[in-house]
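Report on one structure; see the data block that follows.
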Amino acid sequence: MQNSRPTQLVAVLDFGAQYGQLIARRVRDLQVYSEIVPCDISAEELGALAPSAIILSGGPASVYAEDAPTMDHKIFDLGIPVFGFCYGQQIMAVTLGGAVGHTDKGEYGPAELHRRGSSRILDGTPQNQTVWMSHRDAVSRVPEGFAVTASTDACPVAAMEDASRRLFATQFHPEVRHTACGMTMLEHFLFDVCGLSRTWNMDNIIEEKVAQIREQVGAKKVILALSGGVDSSVVAALVHRAIGDQLTCVFVNHGLLRKGEPEMVEEVFRGQFNVPLVHVHAEERYGRLLAGVSDPEEKRRRIGTEFWKVFFDEAQKIGNVEMLAQGTIYPDIIESGARKTGGKASTIKSHHNLIPFPEGVRFDLVEPLDHFFKDEVRELGIALGLPAKMVWRQPFPGPGLAIRIIGEVTAEKLAILKDADAIVREELDAYNARLFEETGERNSEHSCWQYFAVLPDIRSVGVMGDERTYRRPVIVRAVESSDAMTADWAKLPFEVIGRISTRIVGEVEGVNRVVYDVTPKPPATIEWE
């Protein structure tokens, strides 16, 4: 029951678009619930979901390619309004009897759109406007009943519609910010054509999720592995609101967290939320486990394996636990290829199956965030009363600081890195806060998305006072990104970099040099190991 859907659903058929998730996000930005489904879903399967609207995404293929993705033509007979973007327009055209051909030249990037006649989607937008194109093929003949409502110099059918059947399509991408009136077009489709309401908001979401969790759990006990990260913290707050002390959180402290984080977990969940919390101090256990290990994959393997051993040991101590809550979010589901709509799809990897349940042990899963995007999880956390410093916590690897220490992890190296990293975070937290005050955006053009210190397994010569030193350098890594798929190094002001360097060398014992990593991803990765 946990995955019961809101009464309003916009189904986004995914034809392999780079903007597939973005379309779903834009719909949710307008406070309407949306889900991504495979393009090969049958009309019967789609009809069973009872969507209020359908959007056909773009995609990289040609509609005439041998392996081009197709769709069930009966979907157009369901009587549900459909809006196609780019490849979505082309597949709509050929499925309904139109034609698609190669244009003399492709359009990539901004283009000038010229409206032609009236349009339920374009009405109220300028006669000439900028849109974002990315195509070589284009509709050359519209299906019977369709009218051409816009064109560009290179694309005669830039938009088309059959208003009587509530079928609409554009060759351009309304979902990207570069299409000046894209959100207005989406509003026209969702609210004017489909008659939907703005019901996807945090108050309604919390109320629905609490009811669903209570129905799924009943009187059973639930356990949660709490890391202090965004996802597990929001799950803890949400599930605790639903079932109270039926939930027990287990916080496995492996000693590899950042400075002050174990204390924050205690303060928030014991002090503020009064959640039953088991704090397992496993620092020495992990110290012995990692002694002499320098290979990064071996460090990861040992840390992950030991975590679940510790966690399940605690579950047995609690006793009679039947359910496991975890912070699976929507991109995890999309990435894994997991279809919760009952259809067929190849599974790349199953996040559920990554849990190494001991022999004879099995928990039913409670995953209340499995249809939320990351920024929605953060919004939910704020609405639940979690502190902003926890909700806006930047990405942090599961193995913790172990993979930001190059080579063997020792107590000395951990102490150095924790102190240096705390300075980096303190200075760049303040820098980001200043940008937020100036721009009102948490991810403005020059803000940092992720920032931390790395400790390499080398020493360098330095001079401190009148003495020669031979101490460790610290690497500072700060990047700008939105999704971690690509990243660029943050162009920090020199005074900020200088202040970080001065503080680390002056305040952290054992460090005599600070360097700044200016490599984008690719070719580098964000993390060093």
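Start at 1 with the first residue, then count along the sequence. Just the heavy atoms: all of them, side chains too, but no hydrogens, waters or symmetry mates, feed the values below.
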*asked:* For E267 and Q272, which I'm curious about, is there any donor-acceptor pair between the side chains at under 3.5 Å?
replied: no
*May I have the step-by-step check of salt bridge (charged side-chain N to carboxylate O under 4.0 Å, His left out) for R434 and E437, ending in yes or no?*
CA-CA 5 Å; R434 290 196 297 273; E437 287 179 5; over 6 Å; no
_Flag, side chain of E408 to backbone of G292, donor-acceptor distance under 3.5 Å_ = yes
*Under 30°, 30 to 60°, or over 60°: which ring-plane class applies to H371 and Y33, parallel, tilted or perpendicular?*
tilted
*Does the side chain of L30 come within less than 4.5 Å of M183's, by heavy atoms?*
yes
*Would a 4.5 Å heavy-atom cut-off, applied to side chains only, mark I458 and P473 as touching?*
yes
*Report yes or no: do E412 and T410 form a side-chain donor-acceptor pair below 3.5 Å?*
no
*Quick one: closest heavy-atom pair of A453 and L417, and the distance?*
O-CD1, 3.4 Å
*Test item: D203 and E207 side chains (from C-beta on) under 4.5 Å apart, heavy atoms*: no
*Looking only at heavy atoms, which two atoms of E283 and N253 are closest? And how far apart?*
OE2-ND2, 3.2 Å
*With distance as the sole test, does R198 use its side chain to make a donor-acceptor pair with the main-chain N or O of Q31 at under 3.5 Å?*
no
*Flag the pair F311 / I223 as yes when at least one side-chain heavy-atom distance between them is below 4.5 Å, and no otherwise.*
yes
*asked:* Can you give me the closest heavy-atom contact between L492 and C448, atom names plus distance?
replied: CD2-SG, 3.4 Å
*So, do V239 and V217 sit near enough that their side-chain heavy atoms are less than 4.5 Å apart?*
no
*Is the backbone of I423 close enough, under 3.5 Å, to the side chain of R503 for a donor and an acceptor to pair up by distance?*
no
*Short side-chain to backbone donor-acceptor contact, S57 and L13, under 3.5 Å*: yes
*Rounded to the nearest 0.5 Å, how far does CD1 of I213 lie from CD1 of I243?*
7.5 Å
*More than 12 non-hydrogen atoms from neighbouring residues, nucleotides or ligands closer than 6.0 Å to NZ on K309, yes or no?*
no
_Test item: D231 and K374 side chains (from C-beta on) under 4.5 Å apart, heavy atoms_ = yes
*List the steps, then state whether side-chain contact (heavy atoms from CB on, under 4.5 Å) holds for V424 with I504.*
CA-CA 8 Å; V424 172; I504 290 176; 4.0 Å; yes
*Is H178 atom NE2 crowded by more than 12 heavy atoms from other residues, nucleotides or ligands, each under 6.0 Å away?*
no
_Cation-pi geometry met for K491 and W489 (6.0 Å, 45°)_ = yes
*When rounded to the nearest 0.5 angstrom, what is the spacing between CG in L226 and OG in S232?*
4.5 Å
*Report the C-alpha distance between T199 and Q8 in whole Å, list the side-chain angles of each, state the deciding distance to 0.1 Å, and finish with yes or no for side-chain contact (heavy atoms from CB on, under 4.5 Å).*
CA-CA 8 Å; T199 57; Q8 295 183 146; 3.1 Å; yes
*Report yes or no: does E298 contribute a side-chain atom to a donor-acceptor pair with the main-chain N or O of V293 at less than 3.5 Å?*
no
*Salt bridge flag under 4.0 Å for residues D457 and K413*: yes
*Counting N and O atoms only, with roles assigned by atom type, does the side chain of R513 sit under 3.5 Å from a partner on the main chain of R459, one being a donor and the other an acceptor?*
no
*Carefully, step by step, assess I406 and I475 under the rule side-chain contact (heavy atoms from CB on, under 4.5 Å).*
CA-CA 11 Å; I406 311 303; I475 298 162; over 6 Å; no
*Least distance between heavy atoms, F363 atom then A315 atom*: CZ-CB, 4.1 Å
_Measuring from atom CD of E35 to atom CG of L9, what distance do you get when rounded to the nearest 0.5 angstrom?_
5.5 Å
_Check this for me: does any side-chain nitrogen of one of R26 and D29 sit under 4.0 Å from a carboxylate oxygen of the other?_
yes
*Mind checking whether V515 and D517 have side chains closer than 4.5 Å, heavy atoms only?*
no
*Please determine if R28 forms a cation-pi arrangement with F373, meaning its NZ or CZ atom is less than 6.0 Å from the six-membered ring centre and no more than 45° off the ring axis.*
no
*Closest heavy-atom contact between I403 and P397?*
CD1-CB, 3.5 Å
*asked:* Using a 3.5 Å distance criterion without hydrogens, assess whether the side chain of T179 forms a donor-acceptor pair with backbone atoms of H173.
replied: yes
_Value rounded to 0.5 Å, distance of CE in M323 from CG in L247_ = 11.5 Å
*Output, in order, the C-alpha distance, side-chain angles, deciding distance and verdict of side-chain contact (heavy atoms from CB on, under 4.5 Å) for R499 and Y431.*
CA-CA 11 Å; R499 188 162 53 249; Y431 170 70; over 6 Å; no
*OG-CH2 distance between S34 and W200, expressed to the nearest 0.5 angstrom*: 8.5 Å
*How many angstroms lie between atom CG of L22 and atom CD of E175, to the nearest 0.5 angstrom?*
5.5 Å
*Side-chain heavy atoms of Q216 within contact of Q212, under 4.5 Å*: no
*Charged N to carboxylate O under 4.0 angstrom, K259 versus D421?*
no
*Sort and list the pairs that fulfil ring-ring contact (aromatic ring centres under 6.0 Å, His included) and have at least one residue in residues 231-261, not counting sequence neighbours.*
F251-H279, H254-Y286
*asked:* When you measure from the side chain of R378 to the backbone of R393, do you find a donor-acceptor pair of N or O atoms at a distance under 3.5 Å?
replied: yes
*Backbone of I36 reached by a side-chain donor or acceptor of Y330 within 3.5 Å*: yes
*Shortest non-hydrogen contact between L238 and P368, atoms and distance*: CD2-CB, 3.9 Å
*Looking at R477, R300, R404, K299, which one forms a salt bridge (charged side-chain N to carboxylate O under 4.0 Å, His left out) with E529?*
K299
_Under 3.5 Å donor-acceptor, T469 side chain and R471 backbone_ = no
*Does E495 CD have over 12 foreign heavy atoms under 6.0 Å away?*
yes
